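Structure first, commentary second.
Throughout, protein chains are lettered first and strands after them, A, B, ... in sequence-line order, and every chain is numbered starting at 1. Because the structure is a prediction, the values reported are computed rather than measured.
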Amino acid sequence: MRIDAEGLHYRELNEQINRAVEEGETQFVLDHVLGHRYIGAGIGAGVSFDINGIPGNDLAAFMNGAEITVNCNAQDGVANTMNAGKIVVHGDAGDILGHSMRGGMILVRGLVGYRCGIHCKAYGERMPIMVVGTTAGDYLGEYMAGGMIVVLNRDDEQGSPVGRYCGTGMHGGSIFIRGAVEDHQLGAEVAVEPVNDVAWKTLQAVIAQYCGAFDLDPGRFAAEDFVRLYPWSSRPYGKLYAY
Amino acid sequence: MPEWLTQAEFVIERDPERCIQCKVCVRQCANEVHRFDAELGEVFSDSDKCVGCHRCVSLCPTNALSVRQVELDFRSNANWTPQAIRNIYKQAEQGGVLLTGMGNPEPLPVYWDRMLLNASQVTNPSIDPLREPMELLTYLGAKPTRLKYEGGDEPRLETELGPQLELQVPVMFSTMSYGSISYNASLALARAASEVGTYANTGEGGLHAGIRPFAKNMIVQVASGRFGVDADYLNAAAAVEIKIGQGAKPGIGGHLPGEKVTAEISATRMIPLGTDAISPAPHHDIYSIEDLRQLIYAIKETTRYRKPVGVKIAAVHHIAAIASGAVRAGADFVAIDGYRGGTGAAPTMIRNNVGIPIEFALAAVDARLREEGIRQDASLVVAGSFRCAADVVKAIALGADACYIGTGALVAMGCHLCQKCYTGRCNWGIATQDPYLTRRLNPNIAVRRLVNLLESWRHEIKEIMGGMGINAVESLRGNRDHLRGIGLTDRELNALGIQMAGE
């Protein structure tokens, strides 16, 4: 189903989509999308969206298995508390990408803003994966409780591809960064190690998917260019209290 | 110098004439206060570990036990109270943040007790609720400013009403998560709410599969940790509440320690077994009223505008402006939690010193929303220690639509307010996940007690309203003419918007 979003309020656009999904429609092409919020909110598996234009905030909030391709940039709050599904952004994405995301995958061709992957978590089979093509802003993976964040630094940025307060409060999951990370950029709860064979296998599979999505060469990425950030404890605040 | 200076807060007295060495107290105390010496064939008690929960006293079959608070264990000093000294000893010994449970116990003024209600005499007749209809039905949600009808003889409402929660009694069970309380306690609250026709609240603990059948009487919470939150969770419930703050600990997050994250809790919260469940202090996607609006509408979109979406905030300075912002952000109800509100665990310093009384918060918010002409856009739910039906009536007269009760509900289930919820060793089987202890709370009995409580409050509310000559809770709401203050300064009377007794 093809919907022209021009002139539509987000509520009208989402209503059309929801009604069509209820009637069994599974494929959507949305044209002239310009800041329309909440596209894909709560939508389950088997539905896919091809978005032409720039979707608004909270794209795929609470999404539950649908697939979204954005043929442009995305705004703030992509995949807020997403449970499952896949999002491919052929451009940059704004702040708070993947906030409290519990499962699914986000692939961003370019850079992402501040506070991405905050409180991203995993549970059982669900394991959120977020891959950033170039750089990420401050507070990446703050309070991270599970899942995987990858920063590919494809433009080989001099200096660090991540900002400050990276992984502050982290108590689960891992962050892979290609390039330099200084100690002062990291939260006190974070430990750093080189990527070992086991981790590289997981990472390689994710990179392969990323390169597949954007038609890039996975051959240029090598294990030794990455570091892995992980929490030194799943209970960073276990000894905070007097009983 | 002894390493341990903390002294017992309670003395256990065992009457040797009455004690039959049956060991009930030994089995009942999870704090291991009572111990049976097999060689001597006698039960001994170690007062040091006693938390004063009275479980042993209540269950002793021969009434042989009594527990007394130690009254003069320190040299008397009005500034350095025993509690202040004990706290310092504790921190000097262990290092760390003082932790506590339940609501603020400090002797600060309770303003409900300084407000008195009106009754009819001569000039207007009072109503007897036993013989005459008395309406307590309450709807929570945005109300339209005007109604449009169509048709002549049989008019039909044309105005589209937003989603509403229907309450048979203007009292709901407050936010208590599965994790902070046991499964049996959560189940009892949900079942009692559905029996009475009101609502219980999941807190941020997720919606356990066993409680889903009662979901139409549940409000589900979306807190900063987003535990257990997915589209199914949002759509299963009657309403969704975004938790910004809590009266017992405004401004700080939550922290369920890993040892309490059992298999069942991990499944309900959808987090790995044994890891800390950390709720950040703010929602990191909400740094402004505009951001709050964004989350409210993300939830409305996900629930297809079929559920009321509320916002819970702690009563703090400038509460009226904050509440006004929440209403303008699209909240269908705003829940305000006063500084006396309960908790399973909070830093003592925060619980005892942060926030403002719910009485002032409610008066300020109701007045502000009226001034701004947006009072109808959202309902007001108040929390923070409602101890009896009269508190509820006073709150409604001051401007609330409904009250949340947490501690009151726990007390109905047997809680003795020992304030040790955070230890996870609740002898009453309420604030614990230990299967040996949780079995002590029989959900059937707990449901009956909760229903009894709400039924008796319902009748008391009707009696009080009838005495005032009011036959519908709608006419009581915001009717401050029915409140008078005693022992209050002019400033306090003005802040509450009420007159002095005798005026």
Side-chain angles (χ1 to χ4, degrees), chain A residues 10-11 14-15 18-19 22 37-44 56-58 60-65 76-77 80-84 95-96 99-103 114-116 118-124 126 139 142-143 145-146 169 171-173 231 233-243, chain B residues 87 89-100 222 224-235 253 255 257-259 261 266-267 269-280 283-287 290-291 294-295 297-305 345 347-348 420 422-423:
Chain A
Y10 72 74
R11 196 168 164 180
N14 290 328
E15 234 170 54
N18 292 332
R19 215 176 306 123
E22 272 166 34
R37 293 182 172 188
Y38 315 117
I39 296 173
I43 293 185
N57 292 355
D58 274 352
F62 305 106
M63 196 168 80
N64 213 2
D76 297 341
N80 193 343
T81 323
M82 178 166 109
N83 200 40
D95 299 340
I96 21 173
H99 177 273
S100 272
M101 179 185 176
R102 188 181 299 112
Y114 295 107
R115 292 161 27 218
C116 292
I118 291 190
H119 219 304
C120 141
K121 44 176 74 74
Y123 173 66
R126 269 164 280 173
Y139 307 101
E142 197 182 32
Y143 283 112
H171 53 290
S233 166
S234 67
R235 308 268 331 263
Y237 308 122
K239 288 207 171 73
L240 194 60
Y241 303 109
Y243 284 86
Chain B
N87 285 345
Y89 286 156
K90 207 190 266 185
Q91 290 189 298
E93 279 150 16
Q94 300 179 42
V97 172
L98 293 165
L99 209 54
T100 189
V222 173
S224 63
R226 306 283 155 88
F227 299 121
V229 178
D230 61 15
D232 292 344
Y233 169 86
L234 300 174
N235 280 301
H255 182 191
E259 57 263 23
V261 181
S266 122
R269 296 198 176 204
M270 301 190 218
I271 51 168
L273 197 71
T275 60
D276 281 7
I278 297 172
S279 298
H283 289 248
H284 282 291
D285 52 350
I286 305 178
Y287 288 0
E290 291 76 10
D291 288 350
Q294 189 174 310
L295 184 63
Y297 277 87
I299 293 168
K300 289 191 176 190
E301 281 285 335
T302 307
T303 56
R304 313 287 181 244
Y305 297 88
T348 312
K420 297 282 176 187
Y422 61 96
T423 63

Next on the checklist: Checking B/H255 against A/Y241 for the side chain to side chain donor-acceptor pair (under 3.5 Å) test, could you report, in this order, the C-alpha distance in whole Å, the side-chain angles of both residues, the deciding distance, and whether it holds?
Outcome noted: CA-CA 11 Å; B/H255 182 191; A/Y241 303 109; 3.3 Å; yes
Item to check | side chain to side chain contact (heavy atoms under 4.5 Å, CB included) between A/Y143 and B/H284, intermediate numbers included | outcome: CA-CA 10 Å; A/Y143 283 112; B/H284 282 291; 3.9 Å; yes
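Annotation: maximal heavy-atom pairing with chain B below 4.5 Å, among A/N64, A/N14, A/D76, A/I43, occurs at A/N14. Top candidate by heavy-atom pairs under 4.5 Å with chain A, chosen from B/D285, B/N235, B/T302, is B/D285. Taking chain A as the reference chain and counting heavy-atom pairs below 4.5 Å, the highest number among B/Q94, B/H283, B/K420, B/R226 is found for B/R226. The candidate from A/N83, A/N18, A/I118 with the greatest count of non-hydrogen atom pairs under 4.5 Å with chain B is A/N18. Counting heavy-atom pairs closer than 4.5 Å to chain A, the top residue among B/Q294, B/K90, B/Q91 is B/Q294. Of the listed residues (B/A277, B/G95, B/G225), the greatest number of heavy-atom pairs within a distance under 4.5 Å of chain A belongs to B/G225. No other option in B/T100, B/D291, B/I271 has as many heavy-atom pairs under 4.5 Å with chain A as B/I271.
To the nearest 0.5 Å, the span separating CZ on A/F62 from CG on B/D230 amounts to 9.5 Å.
Ring-plane geometry between B/F227 and A/H119 is classed as perpendicular, the angle between the planes exceeding 60 degrees on a 0 to 90 degree scale with a lower cut at 30.
The environment of OH in A/Y114 is sparse: at most 12 heavy-atom neighbours from other residues, nucleotides or ligands sit within 6.0 Å.
Looking at A/R126, only its side chain comes within 4.5 Å of chain B, counting heavy atoms on both sides. Of the two parts of A/D58, the backbone and the side chain both hold a non-hydrogen atom closer than 4.5 Å to a non-hydrogen atom of chain B. Only the side chain of A/E142 comes within less than 4.5 Å of a heavy atom in chain B; its backbone stays farther off. In this structure, the portion of A/A122 lying under 4.5 Å from any heavy atom of chain B is its backbone and not its side chain. Contacts of B/L273 with chain A are absent, with no heavy-atom separation under 4.5 Å from either backbone or side chain. The contact between B/Y422 and chain A is made by backbone and side chain atoms together, counting heavy-atom distances below 4.5 Å.
Minimum interatomic distance between B/P272 and A/Y123 (heavy atoms only, all atoms of both residues): N-CD1, 4.4 Å. The two atoms that bring A/A41 and B/R304 nearest to each other are O-NH1, 3.7 Å, heavy atoms only.
A cation-pi contact, defined as under 6.0 Å to the ring centre and within 45° of the axis, links A/R115 to B/Y287.
For the pair A/R102 (side chain) and B/V229 (backbone), a donor-acceptor distance under 3.5 Å is present.
Put simply, the side chain of A/R11 reaches to within 4.5 Å of the side chain of B/E301, judged on heavy atoms.
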